[in-house]
Structure formats: C-alpha cells, structure tokens
Amino acid sequence: MGTAQCQHLLENMSAYLDSEASAELCAKIERHLDGCNDCRVVVDTLRKTITLYHELPQPELPPAARLRLYKSLDLSEFLNPKS
C-alpha cells in the first residue's frame, strides 16, 4: 500500500476507533488494513492501549504533584473547585 493511503488512515484513526467514522470510511479503512500489516499493527496496538486505559484503575496523584502540575499548566482555578 502507498504511504498516501497510510497517511489517510492515520488522519482518520481517531474517528474510526471511536466509531464516529462514516460506514463508507470504515469500509475503506478496513480494506486498507486487510492489505497493510504496518497499519494493522498500529491500529491493533492503539485499540489495546485504549482498552487497557479504560480497564486499569487510575492512579492517585499525590497532592503536592497535583499542585505543581496544575500550576505549571496554569490550571490553578481548578485546584479548589467552587461548590
């Protein structure tokens, strides 16, 4: 498969994996994946990563690290949400 087709797949991968792509686009991507092992590996790996992210418990961020992170991202307004 040509790299232009692979690039098109990568541009639409999020919509494809989130089931937001049109049926026509999904069919086109599936045809591409049938003939492109490299893209199949990328899609399968990303799909597995997403599944693991949703299944695993979220780690607790220590309060001091959370404070530093929020301040460095200029998100201080979210540190003490108003009730």
Side-chain angles (χ1 to χ4, degrees):
M1 294 288 158
T3 57
Q5 288 181 328
C6 295
Q7 183 63 33
H8 181 68
L9 172 83
L10 293 174
E11 290 170 359
N12 293 289
M13 191 181 312
S14 180
Y16 173 73
L17 291 173
D18 292 340
S19 300
E20 296 174 354
S22 67
E24 180 182 344
L25 180 58
C26 287
K28 189 175 186 179
I29 290 171
E30 288 296 327
R31 283 192 302 275
H32 178 81
L33 292 174
D34 286 342
C36 185
N37 191 53
D38 290 340
C39 286
R40 171 58 69 189
V41 169
V42 169
V43 169
D44 290 346
T45 301
L46 185 54
R47 186 176 280 133
K48 182 64 175 174
T49 301
I50 292 167
T51 299
L52 289 172
Y53 173 80
H54 288 290
E55 290 177 353
L56 294 175
Q58 297 299 309
E60 203 49 48
L61 189 61
R66 183 175 181 265
L67 179 65
R68 286 193 313 274
L69 176 64
Y70 275 51
K71 284 185 177 182
S72 69
L73 295 174
D74 195 23
L75 298 173
S76 299
E77 64 189 83
F78 297 104
L79 285 171
N80 298 313
K82 296 176 183 173
S83 300

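Heads up: numbering here begins at 1 and tracks the sequence.
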Do you know which two heavy atoms are closest between A21 and L25, and how far apart they sit? CB-CD2, 3.7 Å
Does D18, at its CG atom, have more than 12 non-hydrogen atoms belonging to other residues, nucleotides or ligands within less than 6.0 Å? yes
Would you call L9 and V42 a side-chain contact if the rule is heavy atoms closer than 4.5 Å? no
To the nearest 0.5 Å, atom CZ of R40 lies from atom OG1 of T45 at 11.0 Å
In this structure, CD1 of I29 is separated from OG of S22 (nearest 0.5 Å) by 8.0 Å
Starting at OG1 of T51, measure out to CG of L56 and round the result to the nearest 0.5 Å. 10.5 Å
How far does CG of L17 sit from CG of N12, to the nearest 0.5 angstrom? 11.0 Å
Same apolar cluster: L73 and Y70, side chain cutoff 4.5 Å: yes
Shared ILVMFWY cluster between V41 and M13, side chains joined below 4.5 angstrom? no
From E11 CD over to C6 SG, what is the distance, rounded to the nearest 0.5 angstrom? 11.5 Å
Distance check, rounded to the nearest 0.5 Å: R66 atom CZ versus E60 atom CD? 9.0 Å
